[in-house]
Amino acid sequence: MIEVDRLGRTFKVRGTVVHAVRDLSFAVEAGEFVGCLGPNGAGKSTTIKMLTGILAPTSGRLRVAGLDPSRRRMALARMIGVVFGQRTTLWWDLPLKDSFELVRLLYKVDRRVFRRRLDELCSLLELGDFLATPVRQLSLGQRMRGDIAAALLHDPPILVLDEPTIGLDVVSKAGVRDFLRRLNAEHGTTILLTTHDLGDIEQLCRRVMLIDHGRLAFDGTVAGLRAVVPGEASIEEAVTHLYLSSRRSPRTHPHRPAPDPPSVTA
Amino acid sequence: MVRTYLLLVWAWTRAAAQYPVSFALMTVGGFVISGLDVAVIWVIFTNTTSLGGFDLGEVMFLYGTAGLSFALADLLFSNVDRISQHIRAGTFDVMLIRPVSPFVQVATERFVPHRIGRVIQAAAVLAIALNRVDVPLERGWMIPVMVASGTVIFTALWALGGAAQFLLTDAPEVANAFTYGGATLTHYPLSVYGGELVRGVTYVLPLAFVNWQPGLYVLGRDDPFGLPYWLRFLSPAAAAAIALAAFLAWRAGVRRYRSTGS
Ligand SMILES: Nc1ncnc2c1ncn2[C@@H]1O[C@H](COP(=O)(O)OP(=O)(O)O)[C@@H](O)[C@H]1O
Ligand SMILES: [Mg+2]
C-alpha cells in the first residue's frame, strides 16, 4: 500500500538547509495499523505531507496505492483519507453538514451512497447532535470526529492521521481510538497515524515506527520496542531510551537496528 | 472540471444566500463604484469631444468591452488572489489532498456572487455604446470573441499573480497591481498613452488584445501607432499564449509549494 525508499526532504531556511526527513525507508501492507512516534520536529508531519502529495520529496522514491503522490495528487485523493489533528479540513463558518456536502461535491460521491455512508459514520462517531453547528463552535473532540468522518466519506482504502488525538480529553480519545480500531479490523482500512500518545500506540498499533531527526530509529512490533531496553521495560522507557541514544549520536545511522524484523519489508 | 466549478460556485452561492441583505448591498455597491469609472469618462467629454482621437461612443465601447471582460474574470476567478492567505492559514494543504484542481478550489472557495454588479454595469455601458456607434454586422462577430479573449487574459493575469505568491507569500499586492492596474489601463483608448507603453502591452503583457486591437477592427479605425493590421485578429492567440504561460507558472508554483512548518 505504501512504499517509501530512501525518502528525503530538505527546506532552505534563511540560507541554511534543514533536513526534515532523510533516508527514510519503510513499507506498509494493506490492512496494517501503523503508529509513528517521534519528538517534535522529528519529521513526522513532513513525511505525512509527502505521503499525501502535499509536498514533493527532494530525494528518494515513494508510492502510495501504486501512485507517486506529488505527481498523481488527484488520483491519490480518491485512495486516501487525511486527518490533521492540528488543523481542520472542514470549513470554519459552515455547519458541519454543509462541510460534508462540500466534501461530497469535491469527491463526486453519489448522493445515495453519500447518505448511506454519512448515516453510518454519524452513528459510529455520534455526530448527530451537532451536524447543524458551525465548525468553529465545535469542541475539539467533536471537530476531530467531524474531520475523521469527512476523511472517510469517499470510502478510501488508506487513512492517514497526523496527531489525531492531540488535545483530546480521555473520553473523546477513547471514542476516536475505538472507531479507528473498528475501521481497521472490520473494514480493513490501512491506517497510519502519528502521535505523542503512547496509549494510542499500545491500544491500537501492531506495528510502531520511531522517527528521530528525520530518520527511522525503530520499526517493529510494540513488544520489540519494549525489548530495546533490558528487563521488564515499559514502552515509555524504551522510547525515552531511543530518543536519548539518538541525541548522543545524532549523526550515525541507524541509531539502533530493529531488534526484531519489521512485520513487512520493502 | 467545469461541472465541479459550477457545483462549488452554486454551493457557496447558496451559503451566501443566507445573508440576502449583505448580498444586495454589495451588488449595488459594485455597480455604483464601477459606475464612477463612467462618470470620469462623462466629465472628460464635457470639456472635449474626443479622447485620444476617439469620440464618446467609441470610448464607451472600448470601456464596455474591457470592463465586461474584467468583470467576468473578476466574478469567476479573482478569488485566486487569496492564495497567500490560504498558504499562511494552511488551507492550501487541504486543497492539495482533494481530487479537484487547487485552482478551481481557490477560485470557488467562499465564492460570493455580488461581483455580478460590475458585470451588469459593464454590460449596460457596452449596450449604450453599441447604440451610439454603428458597427456593421460583418465586423460585429468580433465583439463576443474579444470579450471572451479579454476574460481569459485577465484570468491568466490572476493566475500568474497567484503563482507568484508561491514565491512571495507576503506580496499579493504586486499581483493586484497588474490585474487592477491592467484593468484601469484598458478603460481608455491606448492612444492616450505613450508608444513605449503601448508596445509593452502589445508584445509583452498582452493587454492591448483585450479591447484595443480588436476594438480598432470593430470600430473600423486606423491604428494611431501604425502597428500591423493583422494584430487585430490575434486576441484569441494572445489569450491562449498568456493562458499557457499562466498554467505553466501555476504548476511550477504548486510544485515548489513547501507548506508551513508546524
Ligand atoms: N515548510 C517548512 N519550512 C521550513 N522548515 C520546515 C517546514 N516544515 C517543516 N520544517 C522543519 O522540518 C523539521 C521537521 O518538521 P515536522 O515534519 O513538522 O516535524 P514533526 O511533525 O515530527 O514535529 C522541523 O525542523 C521543521 O522546523
Ligand atoms: Mg507534526
Side-chain angles (χ1 to χ4, degrees), chain A residues 9-13 18 20 40-41 43-46 48-56 58 69-95 98-99 101-109 147 150-151 154 156 160 162-163 166, chain B residues 1-19 22 79 82-83 85-112 166-170 247 250-262:
Chain A
R9 172 73 209 203
T10 57
F11 294 104
K12 279 203 194 66
V13 184
V18 176
N40 293 324
K44 303 181 296 297
S45 296
T46 304
I48 298 278
K49 285 175 187 171
M50 287 191 282
L51 291 174
T52 51
I54 294 169
L55 284 175
T58 41
S70 68
R71 289 180 188 278
R72 300 291 311 282
R73 228 180 258 125
M74 305 216 192
L76 181 72
R78 309 203 154 276
M79 304 296 293
I80 194 166
V82 188
V83 175
F84 300 107
Q86 315 251 31
R87 85 171 45 123
T88 183
T89 59
L90 306 170
W91 289 264
W92 275 116
D93 35 14
L94 297 184
D98 291 15
S99 272
E101 176 62 18
L102 280 170
V103 171
R104 184 186 81 77
L105 291 176
L106 287 168
Y107 288 87
K108 300 184 185 70
V109 182
D147 257 287
H154 62 294
V160 175
D162 194 7
E163 304 196 19
I166 192 163
Chain B
M1 200 143 102
V2 175
R3 203 180 111 85
T4 311
Y5 176 92
L6 293 174
L7 285 173
L8 290 170
V9 159
W10 179 237
W12 284 108
T13 302
R14 267 191 334 221
Q18 290 168 11
Y19 310 96
S22 144
N79 276 355
R82 296 201 198 137
I83 189 83
Q85 276 165 265
H86 286 297
I87 292 174
R88 264 176 280 139
T91 38
F92 196 71
D93 277 9
V94 178
M95 293 182 180
L96 290 177
I97 61 164
R98 307 291 191 200
V100 171
S101 147
F103 185 79
V104 169
Q105 292 184 67
V106 181
T108 54
E109 178 101 0
R110 275 163 228 294
F111 177 89
V112 272
F166 286 105
L167 302 177
L168 326 156
T169 28
D170 305 321
F247 170 77
W250 177 269
R251 211 177 52 173
V254 172
R255 189 112 192 115
R256 290 186 57 128
Y257 174 63
R258 43 185 282 172
S259 187
T260 46
S262 44

Heavy-atom pairs under 4.5 Å with chain A, option from Met95(B), Glu109(B), Gln105(B) with the top count: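 Between Met95(B), Glu109(B), Gln105(B), the count favours Glu109(B).
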
Between Asp98(A) and Arg14(B), is there a salt bridge with N-O shorter than 4.0 Å?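 Salt bridge: no.
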
Please look at [X] and chain A and tell me whether the side chain, the backbone, both or neither of the residue comes under 4.5 angstrom of a heavy atom of that chain.
X	result
Arg3(B)	neither
Ser259(B)	both
Thr91(B)	neither

Determine the minimum heavy-atom distance between Thr88(A) and Asp147(A), stating which atoms define it.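 So the minimum-distance heavy-atom pair works out to OG1-OD2, 2.7 Å.
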
Distance-minimising heavy-atom pair for Asp93(B) and Arg87(A):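 Result for this residue pair: OD2-NH1, 2.9 Å.
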
Do the non-hydrogen side-chain atoms of Met79(A) and His154(A) ever get within less than 4.5 Å of each other?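 Not in contact.
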
Any non-hydrogen side-chain atom of Pro102(B) less than 4.5 Å from a side-chain atom of Leu96(B)?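 Pro102(B) vs Leu96(B): side chains touch.
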
Looking at Val13(A), Val18(A), Asp93(A), Thr52(A), which one has more heavy-atom pairs under 4.5 Å with chain B than the rest?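 So the answer, after comparing Val13(A), Val18(A), Asp93(A), Thr52(A), is Asp93(A).
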
Would you mind telling me which of Phe84(A), Tyr107(A), Phe11(A) has the largest number of heavy-atom pairs within less than 4.5 Å of chain B?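 Looking at each of Phe84(A), Tyr107(A), Phe11(A) in turn, Tyr107(A) comes out on top.
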
Can you tell me which portion of Leu94(A) sits under 4.5 Å from chain B's heavy atoms? Options are side chain, backbone, both or neither.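 Just the side chain, heavy atoms under 4.5 Å.
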
Output all residues satisfying ring-ring contact (aromatic ring centres under 6.0 Å, His included) with Phe111(B), sequence neighbours left out; order by chain, then residue number.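 So Phe111(B) forms no ring-ring contact (aromatic ring centres under 6.0 Å, His included) with any residue.
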
